[in-house]
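Order of the sequence lines fixes the chain letters, A, B, ..., with proteins taken first and strands second; residue numbering starts at 1 for each chain.
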Number of protein chains: 2
Amino acid sequence: MELEEAKKKFIETWGKLGSEWGINRTMAQVHALLLISPEALTTEEIMKTLSISRGNANMTLRDLIGWGLIEKQHKAGERKEYFHADKDTWNIARQVAKERRKRELDPVLKALDELTKVEGDVNNPEYQTFINSVTDINKLAKNVDKTLDTMLKAEESWFWGSIFKIFK
Amino acid sequence: MELEEAKKKFIETWGKLGSEWGINRTMAQVHALLLISPEALTTEEIMKTLSISRGNANMTLRDLIGWGLIEKQHKAGERKEYFHADKDTWNIARQVAKERRKRELDPVLKALDELTKVEGDVNNPEYQTFINSVTDINKLAKNVDKTLDTMLKAEESWFWGSIFKIFK
DNA sequence: TTAAACTTTCAATAAATTTTGAAAGTTTAA
DNA sequence: TTAAACTTTCAAAATTTATTGAAAGTTTAA
């Protein structure tokens, strides 16, 4: 496989993975494109390479900035904005985990906490089953939250170095 | 909040979480309903409770069985099929992780392995950046895979007991 | 100022995904 | 057998989500 073909395939693969995990396909593709670009790219170049409209490119780039995955760059003497992606894989993973926790896990935890407070007759199987399931799920969610919290604070070397001794 | 309202809210919350993570909303709702039902339910009951069509209920139940999250049950002397969900949270998490790894992570790993093999001129920045990014992502993906593998084999008590000593 | 260069917005449109429901298929009891 | 009870299928419709592109907005240099 030659480089140009490989690039296309990488963008495609990353896009597919994104869409399977609730991230807009185009957003993942733009991210992929910037990940393999040595130089920062303009909106124009991104539009052309991925065959997407100006509006789409603009919104997608804004979202990616919101996710903390890419940054705007200004080049001296130029009016165009350039975009470049953080290439550090560990940062990318952390950033995605951080955003999804904030956007999705936090609201769920809040809702589950509410739901564990429902009162009812302990002899009612309906009530019992409800409380049991919700409480168990709440515990799991809290543990996931705690784990993410620790991971987000961790340094890459610490993470890879120590966790996989345990997961040997 | 009273029980009936809480049930509705739980089904809604679980459905939303599912759709944010690439799982069909209805599928997550049916799962939620079965999670909080003390008794196994028929297709008819599920249809009625969630206001969904027969076809939708049937396909969704089939999918949930495919994900290993629910089971068919036959009651003596009855022709109807009953469905009940595994209520063990750790099993649910494991089952979802297992299926998604098989369906989504495995193909990506295969694709990335291919892409790291691309040959090119090491003095070409395009090539360098490509290879660096792909190689790094491949390493991360392999580590995720390894972690999942260990988690899937682990017992619940082992998991909660030992990992959170490290993640204290 | 002004006008060129560039960015953002958003209603309309397109694409992808999900749902419906009626018809076809299957199983079982008699 | 047969017919009632139940399950499955799938093309069409509905819904949801993503994309377009032209117009409006902003910034900058002169």
Checklist entry - Looking at B/Ala97 and B/Leu148, what are the two nearest heavy atoms and their distance? => result CB-CD2, 4.1 Å
Next on the checklist: Let me check the geometry of the helix from C/dT1-D/dA30 to C/dA30-D/dT1. What is the bend angle between the axes at its two ends, five pairs each, to 10°?
Outcome noted: 10°
Checklist entry - Atom CD1 of B/Ile23 and atom CD of A/Glu20: how far apart are they, to the nearest 0.5 Å? => result 12.0 Å
Checklist entry - Less than 4.0 Å between a side-chain N and a carboxylate O, is that true for B/Asp149 and B/Arg101? => result yes
Next on the checklist: Let me check something: do B/Val96 and A/Val144 share a hydrophobic cluster, defined by ILVMFWY side-chain heavy atoms less than 4.5 Å apart, either directly or through other members?
Outcome noted: no
Item to check | Sequence-aligned protein contact record of nucleotides 4-15 of chain C, with B where the base is within under 4.0 Å of a protein heavy atom and S where only the sugar-phosphate is | outcome: BBSBBBB-----
Item to check | Sugar-phosphate only, base, or nothing, as touched by A/Thr60 at under 4.0 Å among non-hydrogen atoms | outcome: nothing
Checklist entry - Base, sugar-phosphate alone, or nothing: which one does B/Thr42 contact when heavy atoms must sit under 4.0 Å apart? => result nothing
Next on the checklist: For A/Trp67, does the six-membered ring have the charged nitrogen or CZ of A/Arg62 within the cation-pi criterion, i.e. under 6.0 angstrom from the centroid and within 45° of the normal?
Outcome noted: no
Checklist entry - Is a side-chain donor or acceptor of A/Arg25 paired with a backbone partner of A/Ser19 at a separation under 3.5 angstrom? => result no
Next on the checklist: Set out, in order, the CA-CA distance, both residues' side-chain angles and the distance that settles side chain to side chain donor-acceptor pair (under 3.5 Å) for B/Thr26 and B/Gln29, then state yes or no.
Outcome noted: CA-CA 5 Å; B/Thr26 303; B/Gln29 287 185 339; 4.9 Å; no
Next on the checklist: Quick one about B/Asp63 and B/Asn24 (side-chain donor to acceptor, distance below 3.5 Å, no hydrogens or angles considered), yes or no?
Outcome noted: no
Checklist entry - Atom CD1 of B/Ile52 to atom P of D/dA14: distance rounded to whole Å? => result 19 Å
Checklist entry - Rounded to whole angstroms, how far apart are CG on A/Leu50 and P on D/dT19? => result 11 Å
Checklist entry - Counting only non-hydrogen atoms, which of residues 16-33 of chain A are less than 4.0 Å from DNA chain C? => result none
Checklist entry - Over how many whole Å does the gap from A/His74 atom NE2 to D/dT26 atom P extend? => result 17 Å
Item to check | Mutual orientation of the aromatic rings belonging to B/Trp14 and B/His31 [parallel < 30°, tilted 30-60°, perpendicular > 60°] | outcome: tilted
Checklist entry - Taking A/Ser51 for the side chain and A/Met47 for the main chain, is one N or O donor matched with an acceptor at less than 3.5 Å? => result no
Next on the checklist: Distance to the ring centre below 6.0 angstrom and angle to the axis at most 45 degrees; does that hold for A/Arg100 and B/Trp21?
Outcome noted: yes
